[in-house]
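In what follows, chains carry the letters A, B, and so on, assigned in the order in which the sequence lines appear, proteins first and then strands, with residues in each chain numbered from 1. Treat the numbers as computed from the prediction; the structure is a model and nothing was measured. Computation of the quantities below employed the complete heavy-atom set of this structure, encompassing side-chain atoms and omitting hydrogens, waters and symmetry-equivalent molecules.
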Amino acid sequence: MQPLLQIESLVRSYAPPGGRAVPVVKIDRFELAPAEQLALSGESGSGKTTFLNLIAGITSPDAGRILFDGRDVTALAASERDKLRAVGIGTIFQSFNLLQGYSSIENIELAMMLGRGVDRPFAEALLQRVGLADHRNHRPGQLSIGQQQRVAIARSLANRPRIILADEPTGNLDRRNAETAIELIRSLCTEERAALIVVSHDRQLLSGFDRVIDFDQLNQARAKFGGSAGSSAAQTAEGG
Amino acid sequence: MSDAASVKPQQPSGAGEIHARVGVGAVAFIVRRSLRRHFLSTAVTVAATALAAALVMSVFALSDQTERAFAGGTCGFDAVLGARGSRLQLVLNALFHLDASPGNISWEQYEDMKADPRVAVAVPIAVGDNYRGHRIVGTDERLITEFQPRRGESIRIRPGGRAFDVTLREAVIGDVVARQTGLRVGDTFHPFHGLNFDAAAEHDHEHDEFLVVGIIEPTNSPVDRVIWTPIEAIFRMSGHVLSHDGEEYEAIAGEEIPDEHKVVSAVLIRLKSPQFGIDMDQTINREGTEATFAWPVARVLSELFDRIGWMSDVLRLVAMLVLLVSAAAILASLHNTIHERRREFAIFRALGARRATVFSIILAESSAIAAIGAAGGLGLYFGLMAVARAIIQRETGVVLDLWQPHAALAWTPIATILLGATAGLIPAIKAYRTDVATHLAPHS
């Protein structure tokens with residue numbers, strides 16, 4: 001079976017202010033099968049977010065290829081990458097990144113507007129699936145942290161993507177909510193036959209995955225960034 | 001959490017087809033929501049834009065309409081003959097009942113004009129008195145038949161009234177006079193000396209009593225503000241000293257006034273052919289020294305606007321500057337929100353919005369603010385024009401047509417929207433350049 005995602009000789013460097021460019025991500029080979037669920041563990045600042053941004057087409061690589069369903073994402077024009085991100089890739093962020101002025105249902109429908117078009121019944125079904133049918137008109141500020149993350153999970157599936165990229169999706173949740181969230185993400189991906197890459201520094205949380213990769217071993221880059229500030233610095237290397 | 005059964009099966013869809021649908025709907029939704037979220041700044045900016053657009057439309061339309069209303073208000077006469085002096089003052093005084101009379105001319109000059117074979121109609125008028133601020137104008141019966149408030153229209157007297165008898169102290173009053181003074185047919189009144197009302201300047205209470213015999217139907221012209229009486233009654237009013245060439249005469253009851261003592265303020269003239277005006281202009285204005293022949297009336301009136309044209313230009317310039325300032329307000333308002341909205345733009349981008357989509361959101365937002373402002377400006381324009389119309393009517397009797405179309409009503413909204421869109425360019429470029437990865441990073 002052809003892999004959904006293939007990465008070959010991927011390099012992304014970052015030059016700190018006044019400094020020389022050093023690689024942040026350097027991955028020789030990586031593959032993910034369709035509907036496969038994979039956990040990437042690793043310390044903060046190890047380049048995991050940059051890796052996910054590279055897959056999502058938010059950040060461009062310096063070298064290498066990223067093949068999504070056989071298409072080389074790195075060779076696509078920016079607008080083509082945007083299209084792919086809109087319909088093929090769902091993203092869940094550590095800080096949820098919900099749109100503050102929009103209700104739960106609108107957050108999902110807006111993602112649909114930018115993707116395959118609004119499908120109100122499906123949006124309602126997603127909200128029901130994450131247990132927030134009664135909170136469809138609540139704005140993020142009116143939801144608990146756990147509820148916000150569940151809206152973000154529902155939104156990531158709004159356009160029936162082929163893959164979900166979850167970047168520290170439980171970073172802001174307590175243990176019980178974190179386990180519930182991971183379970184929810186996994187079961188929804190199974191139902192929707194979407195592949196999943198979950199990135200987390202919490203190895204215990206990832207123990208339920210069949211395939212867990214230590215990102216520090218996958219990534220051959222020697223440059224490391226300390227803490228979230230360092231992570232942000234790495235992310236600024238280039239926008240999509 | 002409920003069962004997954006309610007999640008529908010996957011729908012096949014091509015990416016190209018999808019992105020064609022993304023554009024307008026999503027942008028409109030986001031713009032609508034953003035304008036609502038930033039309600040206060042949106043409302044203030046829209047109000048500023050509406051005021052600016054209304055100002056531009058009003059200044060342009062008002063100056064053009066006023067000029068047309070005056071220049072077109074020749075009242076059915078081609079020329080005015082009066083004392084030597086300003087042609088404009090003569091016309092404003094004789095036809096619009098504004099300004100002071102430049103002086104008197106002799107009855108003989110009026111008779112000469114009436115007898116001139118080139119003249120179709122010559123109507124004398126005599127001014128100098130008022131009733132509670134409304135000018136009393138002495139004339140003859142032909143004014144009622146020959147005066148045209150608008151081209152082809154004659155004065156009509158309300159049912160129950162009639163024209164004055166030239167041998168009696170009778171009066172026909174304008175519609176505004178009737179409304180403001182409460183005078184009705186059958187009422188009497190006592191005139192006051194001078195053109196401006198002074199309660200102490202009342203004429204002889206016993207002797208100078210005028211009977212109202214008719215009220216003119218509204219004409220929306222200066223006629224509405226005037227009281228018309230027989231010219232003979234003006235000559236015979238107590239205290240009126242007829243003076244011409246230094247000789248003074250006061251009318252004596254029961255005795256005919258010799259023509260050499262009669263004077264008129266002006267003669268309203270309709271020529272048999274417009275080309276006769278050239279000859280008469282030559283004879284009276286260039287070769288003569290006693291009178292002024294204001295001809296053609298429309299051109300004389302347009303001189304008024306030539307004189308104050310610079311003022312109109314300044315007003316237009318100021319209005320345009322105000323419009324520019326309102327565009328700057330749109331720019332400032334959007335620019336101030338861009339920083340706080342960068343995360344929002346990054347989220348849109350992460351969800352698949354193209355840079356161009358983010359750019360167009362801001363551009364659409366600034367255009368929408370300008371468009372709403374322009375629409376509000378149109379409403380305000382009619383309000384401003386209604387106020388201006390009332391003031392101009394009160395002061396001059398000239399009535400502007402509120403609904404008369406003017407090019408400014410079309411180009412101002414278009415220019416406002418274009419300016420608004422231009423004002424959105426800088427914020428839109430900033431939004432376009434938003435770095436996705438940086439702004440999606442968790443807040444520390």
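- The candidate with the highest count of non-hydrogen atom pairs below 4.5 Å against chain A, out of B/R33, B/R36, B/E344, B/R433, is B/R33.
- In terms of heavy-atom pairs under 4.5 angstrom with chain B, the leader among A/Q100, A/E106, A/E80 is A/E106.
- Annotation: the span from A/R139 atom CZ to B/R37 atom CZ amounts to 8.0 Å, rounded to 0.5 Å.
- Of the possible donor and acceptor atoms, none in the side chain of B/R349 sits under 3.5 Å from a partner among the backbone N and O of A/D82.
- Within 6.0 Å of atom OH in B/Y432, 12 or fewer heavy atoms from other residues, nucleotides or ligands are found, so the atom counts as exposed in its surroundings.
- Pairing each heavy atom of A/L98 with each of B/I347, the nearest pair is O-CD1, 3.9 Å.
- For the side chain to side chain contact (heavy atoms under 4.5 Å, CB included) with B/L351, the lone residue among A/R155, A/M113, A/R85 that qualifies is A/R155.
- When all heavy atoms of A/I58 and B/A437 are compared, the pair lying nearest together is CG2-N, 4.0 Å.
- Using the six-membered ring where Trp is involved, B/F348 and A/Y102 have ring planes that are perpendicular, over 60° apart on the 30 and 60° scheme.
- Annotation for B/L315: atom CG counts as buried by contact number, over 12 foreign heavy atoms lying within 6.0 Å.
- In plain terms, the two heavy atoms of A/S95 and B/R343 that are nearest each other are OG-NH2, 2.9 Å.
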